[in-house]
Protein chains: 2
Amino acid sequence: MYSIGDVATMMGINPSALRFYDRQGLLPFVARDKAGRRQFSKNDLNFIEVIDCLKKSGVPVKDIGHFVQLCMAGDSTLHERYAYLDKEEQMLQDKLRETQAQLDFLRYKKWYYKTSVEAGTEKIHFAPGTNEVDPQTKAIYQKELAHCQNLRDLIDLAQDDA
Amino acid sequence: MYSIGDVATMMGINPSALRFYDRQGLLPFVARDKAGRRQFSKNDLNFIEVIDCLKKSGVPVKDIGHFVQLCMAGDSTLHERYAYLDKEEQMLQDKLRETQAQLDFLRYKKWYYKTSVEAGTEKIHFAPGTNEVDPQTKAIYQKELAHCQNLRDLIDLAQDDA
DNA sequence: TGTTGACTTAAACCACAGTTTAAGTCGTAG
DNA sequence: CTACGACTTAAACTGTGGTTTAAGTCAACA
């Protein structure tokens with residue numbers, strides 16, 4: 001059995017946060033000693049691992065509470081629990097794709113600034129006679145990207161960025 | 001030139017959110033017409049694309065404001081802007097790895113529930129004579145994962161999950 | 001020449017996810 | 001036996017990221 005402080009240390013979660021989760025119905029399984037102190041079992045830690053994973057995946061506290069309720073209800077909710085995790089898997093896969101898209105865009109801008117730094121001015125990307133970025137700039141990057149061997153050569157500034 | 005409503009529609013951002021970003025100093029470059037209405041240029045949309053990317057990457061509004069200030073300051077900040085995006089690239093790469101780790105864990109739990117549903121009870125994963133998950137359960141999954149051809153066969157329930 | 005509809009502002013309001021505070025209860029080590 | 005540290009609660013507070021409201025301005029169209 002572990003105290004709330006033990007769990008907080010082991011899981012890297014603030015004790016106040018654990019009490020907050022308890023208040024929100026995420027920890028209905030946690031036992032208490034005679035003095036009313038929370039006593040976490042080894043199995044409780046498995047639960048908290050799931051809760052922590054869902055939390056880090058961006059699932060709202062109240063939704064996690066719903067899942068915990070299903071867990072408390074026994075074998076009749078097994079299918080529903082599976083379906084819930086299946087949905088979350090899809091969410092995470094989407095999130096992974098989105099993050100990748102943001103990374104791709106960020107790398108384009110890194111290239112934009114790498115080449116600007118090398119040229120000493122951002123103007124190399126402006127449409128002639130304006131202070132606006134040439135609409136073709138991104139297409140140029142994408143062409144270079146398609147032809148390049150090593151992404152790092154394309155977007156990383158040599159050494160001196162430290 | 002585009003109105004705030006045009007931009008909101010094109011970028012999929014609430015007009016109120018755009019005004020909020022402006023108040024927070026994220027849109028100092030936006031022009032106004034005689035009546036005080038915001039007029040967004042094509043180049044402003046490039047900026048908003050960057051802001052939107054950073055926002056979706058989880059960068060706090062005030063940090064984005066700092067980056068925008070650098071952009072306003074001209075060529076002398078090119079290197080700093082590059083370094084900023086380089087740091088954000090690392091952040092996003094870390095985030096990608098974290099999300100992948102959460103996905104891996106979620107898939108373990110999907111397997112846990114798939115096999116439980118197939119058995120009709122969660123008890124197949126409990127240590128004998130207890131109501132606690134056997135500490136070896138995850139190791140069993142990882143062994144099966146290492147040997148399996150197709151992840152979907154391992155963790156997806158046949159058809160009827162619809 | 002109204003009267004829409006889209007815009008403007010400041011200020012109030014909201015949800016979410018905790019964190020902090022204040023007051024109190026235990027168990028144990030000196 | 002008392003003092004300390006770790007725990008308990010309810011309630012107040014915080015920060016972030018907006019959204020909503022109220023009151024007003026303006027351009028264009030019937």
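Lettering follows sequence order; numbering is per chain, from 1.
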For A/L18 and C/dA17, give me the distance from atom CG to atom P, rounded to whole Å.
15 Å
Identify every side-chain donor-acceptor pair in residues 54-62 of chain A under 3.5 Å, counting partners at least two apart or on other chains, and give the distances.
residue	atom	partner	partner atom	Å
A/K55	NZ	A/Y21	OH	3.3
A/K56	NZ	A/D52	OD2	3.1
A/S57	OG	A/C53	O	2.7

With no hydrogens and no angle check, do the side chains of A/Y108 and A/Q142 hold a donor and an acceptor under 3.5 Å apart?
no
Would you say the side chains of B/D104 and B/Q100 form a donor-acceptor pair under 3.5 Å?
yes
Roughly, in whole Å, what's the span from CG in B/L27 to P in C/dT9?
12 Å
OH on A/Y113 to CG on B/D86, rounded to 0.5 Å
14.0 Å
Send over the distance from A/D22 CG to D/dT9 P, rounded to a whole Å.
7 Å
Atom CG of A/D63 to atom C1' of C/dA15: distance rounded to whole Å?
14 Å
Would you tell me if any nitrogen or oxygen in the side chain of B/R32 comes within less than 4.0 Å of OP1 or OP2 on C/dT9?
yes
Sequence-distant partners of B/E80, side chain to side chain contact (heavy atoms under 4.5 Å, CB included), two or more places apart:
B/H66, B/L70
In this structure, how many angstroms lie between the C1' atom of D/dG17 and the CG atom of B/L26, rounded?
12 Å
Five pairs at each end of the helix from C/dT1-D/dA30 to C/dG30-D/dC1: take the axis at both ends and give me the angle between them to 10°.
20°
Can you tell me if A/D22 uses its side chain to pair, donor with acceptor, with the backbone of A/R19 under 3.5 Å?
no
Round to a whole Å and report the spacing from CG of A/D33 to P of D/dC7.
11 Å
Pair A/R152 + B/E89, salt bridge at N-O below 4.0 Å:
yes
Is the distance from OP1 or OP2 of C/dC26 to the nearest side-chain N or O of A/K34 less than 4.0 Å?
no
Show the nearest heavy-atom pair for residues A/Y82 and B/K114, with the distance to one decimal.
CD1-N, 3.8 Å
Ignoring backbone atoms, establish whether A/S3 has a side-chain N or O less than 4.0 Å from OP1 or OP2 of D/dA6.
no
Nucleotide C/dC7, atom P - distance to CZ of B/R19 in whole Å:
7 Å
If I take atom CG from residue B/L92 and atom CD from residue B/E98, how far apart are they, to the nearest 0.5 angstrom?
12.0 Å
Which parts of residues 38-53 of chain B get close to DNA chain C, meaning a heavy atom less than 4.0 angstrom away?
B/R38
For A/Q93, look at atom CD and say whether over 12 heavy atoms of other residues, nucleotides or ligands are found less than 6.0 Å away.
yes
Separation of atom NZ in B/K62 from atom P in D/dG18, rounded to whole Å:
13 Å
Check side-chain hydrogen bond (donor to acceptor under 3.5 Å, both in side chains) between A/K138 and all other residues, then give those that pass, not counting sequence neighbours.
none
What nucleic acid atoms does A/P15 come within less than 4.0 Å of, heavy atoms only: base, sugar-phosphate, or nothing?
nothing
Nearest-nucleotide comparison on DNA chain D, the residue closer to the 5′ end among A/G36 and B/G58:
A/G36
How would you summarise protein contacts on nucleotides 18-25 of chain C per nucleotide, using B for base, S for sugar-phosphate only and - for none, with heavy-atom distances below 4.0 Å?
BBB-----
Sidechain-backbone polar pair: B/D75 side chain, A/E122 backbone, donor-acceptor under 3.5 Å:
yes
